[in-house]
2 protein chains.
Amino acid sequence: MKTSNHSPTALLRAHGLRVTPQRLAVAEYVLRKPMHVTARIVHEKIRESYPAISMNTVYLTLGQFERCGLLNRFEVHGNIVFDSNTSPHDHACCNRCGAIIDLDSPRSEPSEQAAPLPEQLRQWQIKAERRIWMGLCPACNAESVL
Amino acid sequence: MKTSNHSPTALLRAHGLRVTPQRLAVAEYVLRKPMHVTARIVHEKIRESYPAISMNTVYLTLGQFERCGLLNRFEVHGNIVFDSNTSPHDHACCNRCGAIIDLDSPRSEPSEQAAPLPEQLRQWQIKAERRIWMGLCPACNAESVL
DNA sequence: GTGGTAGATAGGATGTATTCCTATAAAGGA
DNA sequence: TCCTTTATAGGAATACATCCTATCTACCAC
């Protein structure tokens, strides 16, 4: 159990990353369950148990996790958001409260599972596709009507 | 011809905006043809003919044009980009040179023209949908192979 | 035309997210 | 245990976007 294949330590090793306390702390917080976080949020959270961690380290660590495929990065309202759900999916973001939700079944047709590459991108080397819906979540929408 | 319905002056008036030299200059540059610009680019361009224009005015003007539906706003690599092509379409962005292109036929199926709203968003009030493909454009892809 | 007022502009100050730089510290292999 | 490579902390730097305010101007009423 101590070093199972799913432990943060094993995960870092499996991706060729040195195991440091900072990386373990970030991995345990971010990779434990699907979530959306900014560098600032991670920094605040990790500082609770590791007060000396710097913003720089958080950025570097999240960037490495992204390069390893452990995280996806997207942008909303000018902020970089890291997503530990790395299976392909779309997002919706509330313009008011900032809530971000995953869209589980983005494609209406099962045949579209693998998003079809537009004809114009035949000669591109596509690395990522991001789709985001923006508007008011049910709660904020109800408030704005009042 | 002087004040045709398609002149920048008429366009501003039609949207309830006061006609100022600054707004005319921005409108003539940005709205003449479909293009993608940042506030910085607009500022640099307008200053050629109007050296005193401030960044603040550019931001305000572009924001107003957006609120009027004359421009769409999206984000790529942390920058706000304004798009004078307001018909629904997707984008592709080159990670290397920053080029942004419009995708004319984003939906493979004609029936999908109106992007189907995911089931999970039934109770949301959706204002906009953005979809962006990221990778290497043909030119940069060729270079990276060398 | 002219005058008055709501709205626009310039310019600087401010805030904030991200990246850069560098000396020090630590991980992990020999 | 030593040594080399890599990571970290902390501060500096950058860049984008917004806020603030005095001044100016478009345009409506007269």
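Pairing each heavy atom of A:Ile80 with each of A:Thr38, the nearest pair is O-CG2, 3.6 Å. Taking each heavy atom of A:Leu31 and A:Ser84 in turn, the nearest pair found is CD2-CB, 4.3 Å.
Within the 4.5 Å cutoff, the side chain of A:Arg73 has no heavy atoms near those of the A:Val81 side chain. In this structure the side chain of A:Trp133 reaches within 4.5 angstrom of the side chain of B:Leu117, judged on heavy atoms.
Between A:Arg23 and D:dA7 there is a side-chain N or O to OP1 or OP2 distance below 4.0 Å. The phosphate of D:dA9 (OP1 or OP2) has a side-chain N or O of A:Gln22 nearer than 4.0 angstrom. Residue B:Ser54 places no side-chain N or O under 4.0 Å from the OP1 or OP2 atom of C:dT9. Look at A:Gln64 and you won't find any side-chain N or O under 4.0 angstrom from OP1 or OP2 of D:dT6.
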*Report, as a single string ordered 5' to 3', how protein heavy atoms within less than 4.0 Å touch nucleotides 19-30 of chain C: B base, S sugar-phosphate only, - not at all.*
BBB----BBS--
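Between the OH atom of B:Tyr50 and the C1' atom of C:dG11 there is a distance of 14 Å, given to the nearest Å. Atom-to-atom, CG of A:Leu12 to P of D:dA7 comes out at 11 Å; the value is rounded to the nearest Å. For B:Ile41 and D:dC16, the CD1 to P distance is 10 Å, given to the nearest whole Å. Between the CG atom of A:Leu60 and the P atom of D:dG10 there is a distance of 14 Å, given to the nearest Å. One can place NE2 of B:His43 at 15 Å from P of D:dT18, the figure rounded to the nearest angstrom. Whole-Å rounding puts the B:Ile53 CD1 to D:dT25 P distance at 14 Å. Here C:dT9 presents its C1' atom at 15 Å from CD1 of B:Ile46, a figure rounded to the nearest Å. Rounded to an integer number of Å, the gap from NE2 of A:His77 to C1' of C:dT16 is 17 Å.
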*Can A:His36 and A:Asn85 be said to form a side-chain hydrogen bond (donor to acceptor under 3.5 Å, both in side chains), step by step?*
CA-CA 8 Å; A:His36 309 110; A:Asn85 176 2; over 6 Å; no
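With sequence neighbours excluded, no residue satisfies ring pair (Phe, Tyr, Trp, His ring centres under 6.0 Å) with A:Tyr29. When the ring pair (Phe, Tyr, Trp, His ring centres under 6.0 Å) test is applied to A:Tyr59, no partner is found at least two apart in sequence or on another chain.
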